[in-house]
Amino acid sequence: MALHEDQSTAGESGPIGPLTASGLRALTGDAATLPGPGGLGVRLAARLRELIRAGAALRPGTVLPPTRAVAAEFGLSRGVVVAAYEQLTAEGFLAGRQGSGTRVADLGAGARPAPKAAPPEEAARPGVPDLGGFPRGRWLAAYRQALTAMADGDLGYGDPRGHVRLRTELAAHLRAFRGADASPDALLVVGGAADGLTLLADTLAARGRPRIAVEDPSSPRAHALLRRRGLEVTGVPVDGEGPAVDALRQPGRLGAVLLTPAHQYPTGVPLSAGRRHALVRLAREHGVLLIEDDYNGAFRYDREPPGCLQGLAPDVTALLGSVSKTLAPALRLGWLLTPPAWAPRLAHDRALTHPTGHTLDHLAFAHLLRTGDYTAHLRRTRRRYHSRRLHLTTELAAAAPGFTPLGTPGGLHLSVALPPWSREAEVLAAVRAEGYDVQGLGECALAPPPPDRHGGGLVIGFAALTPTAITHLVGVARAAAGAPPPPPGTPPPPG
């Protein structure tokens, strides 16, 4: 049976016809027998990657069969094949064009991805999405539509809360996908989550409640921002259900509690239902604002993500969100959904500091929300990130015994407890020397432990890492952690 419909062979030059699904199966073998770690999608992507590197069977320009045909031929779900194609497209091995299918990319004469390539800027930094997957074409089309449809008045200062069209679309999105109690009038469009947190911190200080509790561990950047705005930061320990509410001291002195309920940063633990209710009771009894940083609410891989805390208690919860994890940090687009009692003051303060917003960006994002392009992008990236997280956990299990993944399968980072015989500072130094911007679990504590302490952990951002980079990072971390000490009583080696 010919592999290509035009009967051409790998050694011939000239146009290359599309590859059939049966031809692809002849090249790769049956899905169930594909070698390597990970699920079927990971193994299929690995086999195609090998064939493209070899360059004979899958030459540049070869049109791969449609995902539906491959799924039927291999007896797989279409989602598995889509994930494999998207993974290789993100890595540059495949290229897709509207209406012309998915083709093998031209890697250049003799050019093959090296087993150890320099990691991209911000590689493995927690919270950074796959920037190569940014939907440039969709965003450009949304910009064109915004410029064409916007009124002359939209070029003025406008509403400091953000354009009403975006607030309307965003409120509908948050109600549908995050279970929020959202209305356009309660929303403020801000320049990212940090901008929204700054606005809340300034308002807390002005109200005479400058004490804020944060999860311990949590984001060091958030600690620094809050202190920079003059707030007194106190910690509340995190366990398997989230922050331990009973450990909050003197709640009557608190102005707010900063939380990451969907996927606690950095441990990955979701806030339990019991803790949600306990926090709401505390907030209502003592007049405390719950600030919900929904930084990773869009990504959960084993089930639908839990709804936001704001939907349970909109009277005491301010919801912070942004597109920094879903599209790109450079857009500086975020939102703040506030309790009714806070909305007028926050809108007033926003008008003083930011009399106008980035209206073109607001209208472009509103277009993505209205057309469904944004939710489609989330579905695509969710599959891609799930595959990369699976590859990371598989590598850790196979190549790095003693490394224990923490938390639920979600988000753009994986926290990993290091072996008890290792030292976090030494492992961090080794992986950072290779260009990986990994964070240490100890660095996220309000009072970081001494550098010579054994154990600790890593916070690895996996969204933008290729399988090769993941394998290399794990190898570096394992080597830096060292071998476990021999059991007590073991005789020393001879010689």
Visitor: Output yes when E232 and R209 qualify as a salt bridge under the 4.0 Å nitrogen-oxygen rule, no when they do not.
Guide: no

Visitor: Taking 4.0 angstrom as the limit, do R332 and D361 come out as a salt bridge?
Guide: no

Visitor: Is atom CZ of R175 surrounded by more than 12 heavy atoms (other residues, nucleotides or ligands) closer than 6.0 Å?
Guide: yes

Visitor: Checking the side chain of S387 only, and the main-chain atoms of R383 only, is there a donor and an acceptor separated by less than 3.5 Å?
Guide: no

Visitor: Could you list the residues that satisfy side chain to side chain contact (heavy atoms under 4.5 Å, CB included) with P160, not counting sequence neighbours?
Guide: A351

Visitor: Test your reading of the model: is there a side-chain donor-acceptor pair from T408 to the backbone of G410, 3.5 Å cut-off?
Guide: no

Visitor: Under 3.5 Å, is there a donor-acceptor pair linking the side chains of S272 and E241?
Guide: yes

Visitor: Does a salt bridge link E424 with R432, judged by any charged N lying under 4.0 Å from a carboxylate O?
Guide: no

Visitor: Start with the C-alpha gap between F299 and H386, add the side-chain angles, then the distance that decides, and say whether ring pair (Phe, Tyr, Trp, His ring centres under 6.0 Å) holds.
Guide: CA-CA 9 Å; F299 297 111; H386 185 195; over 10 Å; no

Visitor: Tell me whether the centres of the aromatic rings in H377 and F134 are closer together than 6.0 Å.
Guide: no

Visitor: Go through the side-chain N and O atoms of E169 and Y374 and say whether any donor and acceptor fall under 3.5 Å apart.
Guide: no

Visitor: Take I291 and V257 through the side chain to side chain contact (heavy atoms under 4.5 Å, CB included) test and state the conclusion after the steps.
Guide: CA-CA 6 Å; I291 303 175; V257 181; over 6 Å; no

Visitor: Report yes or no: do T471 and E395 form a side-chain donor-acceptor pair below 3.5 Å?
Guide: yes

Visitor: Does this structure show an ion pair linking R350 with D195, if we count only N-O contacts that are shorter than 4.0 Å?
Guide: yes

Visitor: Is it the case that more than 12 heavy atoms not belonging to H454 sit under 6.0 Å from its NE2 atom?
Guide: yes

Visitor: Of the non-hydrogen atoms in L282 and P251, which two are nearest, and what is the gap between them?
Guide: CD1-CB, 3.9 Å

Visitor: Does the separation of the ring centres of F462 and Y385 fall below 6.0 angstrom?
Guide: no

Visitor: Decide whether H367 and Y143 meet the rule of one side-chain donor and one side-chain acceptor closer than 3.5 Å.
Guide: no

Visitor: Taking atom types as modelled, is there a side-chain donor on T89 or E86 under 3.5 Å from an acceptor on the other?
Guide: no

Visitor: Tell me whether the rings of H472 and Y436 are parallel (<30°), tilted (30 to 60°) or perpendicular (>60°).
Guide: tilted

Visitor: Can you confirm whether R303 is buried at CZ, in the sense that more than 12 heavy atoms of other residues, nucleotides or ligands lie under 6.0 Å from that atom?
Guide: yes

Visitor: Using the side chain to side chain contact (heavy atoms under 4.5 Å, CB included) criterion, which residues pair with R178? Sequence neighbours excluded.
Guide: L174, A262, D294, P305, C308

